[in-house]
Amino acid sequence: MQESLQNINVQRLRSFSAKDMPVDVLRLDRIHPVVSGNKWFKLQFYLQDAIAQQKNTIATFGGAWSNHIVAAAFAAKASGLQSIGFIRGDQQVARAETLQQAAAYGMKLSFVDRETYRDKASVINAHPDPGIYWIMEGGYGELGSKGAAGILSSADTSSYTHILCAVGTGTMLSGLVRAALPGQNIMGISVLKNNSGIEAAIRSLLGSGQRHQPFSINHDYHFGGYARHPAELIRFMIGLWETEQLPTDIVYTSKLLFAARDMLLKNHFPMRARILLVHSGGLQGNHSLPPGTLPFL
Ligand SMILES: *Cc1c(COP(=O)(O)O)cnc(C)c1O
């Protein structure tokens with residue numbers, strides 16, 4: 001873990017930056033070729049807690065292209081724990097590259113239909129094994145938030161005035177808010193459509209009554225909803241690769257980068273802002289594209 005963290009670094013985006021407004025990317029995607037950056041941070045305290053509680057297995061949830069599933073499989077193995085992934089869909093999805101990687105890390109895969117998947121409590125109740133430590137989908141929860149707070153100390157981030165990240169469950173963003181210094185603005189780009197409950201979900205992760213730096217969520221860049229990827233977004237991803245050699249994924253980081261560029265073009269940021277974009281890793285979603293769609297991966 002310590003060793004891999006040294007690979008994290010900050011990249012200046014020349015095509016986004018202006019003379020007095022640098023735009024940098026925190027490359028959490030460089031932590032590990034398979035394990036998604038932010039999931040790795042979010043999982044740390046869950047694994048410690050599982051071990052402290054003398055559990056022998058972690059169990060969690062995800063879809064066929066889930067960065068969280070692969071990261072959980074890898075992290076469990078690295079911590080000497082067994083893992084079970086409850087996967088939305090049937091055996092058909094077992095061929096997905098992502099799930100094969102998870103299985104290669106020793107994760108036992110259990111397929112559940114969509115209806116059952118929505119009712120997580122029913123899955124948990126059907127497996128009353130006291131050795132199992134349950135982790136919510138995407139690592140959502142207070143320990144995930146505390147783990148994600150470590151993201152900002154993985155490089156020197158103290159001079160940035162605006163820190164932007166993609167938002168799914170909001171766990172990562174809540175961690176950035178925890179770790180933010182006075183004067184730093186944390187801005188989230190929601191990748192889900194009709195995600196109006198997200199602000200409240202984040203406030204609940206932060207704990208009511210706790211003092212924290214302010215945050216905001218932008219809902220304008222979901223591109224039609226979760227994992228939707230119109231041609232305009234794919235073209236943007238290819239362009240970003242060609243100009244900056246920055247790989248992004250269709251679910252999260254492409255939407256973050258697109259939003260940042262669009263806001264820069266619209267002069268959204270104050271003069272002399274110093275902007276940091278958190279590349280949260282996780283390119284698994286790109287495996288769902290037809291081969292050859294992207295020049296990287
Ligand atoms: C899961 C994930 C996110 C979203 O993180 P949340 O904590 O759920 O908001 C963002 N980026 C990548 C690459 C992810 O895998």
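Just so you know, ligand 1 is whichever comes first in the structure, and atom 1 is the first atom listed for that ligand. On a predicted model such as this, the values are computed, not experimentally measured, just so you know.
Of all atoms in ligand 1, numbered sequentially from 1 with element shown, those under 4.0 Å from a heavy atom of T171 are 6 (P), 7 (O), 9 (O). Contact atoms of ligand 1 toward K42: 5 (O), 6 (P), 7 (O), 8 (O) (distance under 4.0 Å to a heavy atom of the residue).
Counting only distance, with no hydrogens or angles, the side chain of N194 and the backbone of S196 share no donor-acceptor pair below 3.5 Å.
Residue L173 places no heavy atom under 4.0 Å from ligand 1. No heavy atom of H279 sits closer than 4.0 Å to any atom of ligand 1. Under the 4.0 angstrom criterion for non-hydrogen atoms, K39 is in contact with ligand 1.
Inclusion of G281 in the set of residues having an N or O under 3.5 Å from an N or O of ligand 1 is not warranted. Considering backbone and side-chain N/O of V167, none are found under 3.5 Å from N/O of ligand 1.
For the residue pair E244/S15, the side-chain donor-acceptor check at 3.5 Å is satisfied.
Note that CD of Q184 is 6.5 Å distant from CG of L152, once rounded to the nearest 0.5 Å.
Within 6.0 Å of CD in Q82 there are 12 or fewer heavy atoms belonging to other residues, nucleotides or ligands.
Closest to atom 5 (O) of ligand 1 among all protein heavy atoms lies N38 ND2, 3.1 Å. Here the protein heavy atom with the shortest distance to atom 11 (N) of ligand 1 is S280 OG, 2.6 Å.
Using a cut-off of 4.0 Å between Lys/Arg side-chain N and Asp/Glu carboxylate O, E199 and R203 are scored as not salt-bridged.
Under the rule for a ring-ring contact (aromatic ring centres under 6.0 Å, His included), Y160 has no partner lying at least two apart in sequence or in another chain.
With a 4.0 Å cut-off on non-hydrogen atoms, Q284 does not touch ligand 1 at all. Contact annotation for H68 and ligand 1: no heavy atom of the residue comes within less than 4.0 Å of the ligand. Counting heavy atoms under 4.0 Å from ligand 1, residue N67 touches it through the side chain alone. Contacts between V251 and ligand 1 below 4.0 angstrom, taking non-hydrogen atoms only, are absent altogether.
A cation-pi arrangement, defined by a distance under 6.0 Å to the six-membered ring centre and an angle within 45 degrees of its axis, is absent between K255 and Y252.
Ring geometry for F236 versus F258: interplanar angle over 60°, hence perpendicular rather than tilted (30 to 60°).
No continuous path of ILVMFWY side-chain contacts below 4.5 Å connects Y46 to Y140, so the two sit in separate hydrophobic clusters.
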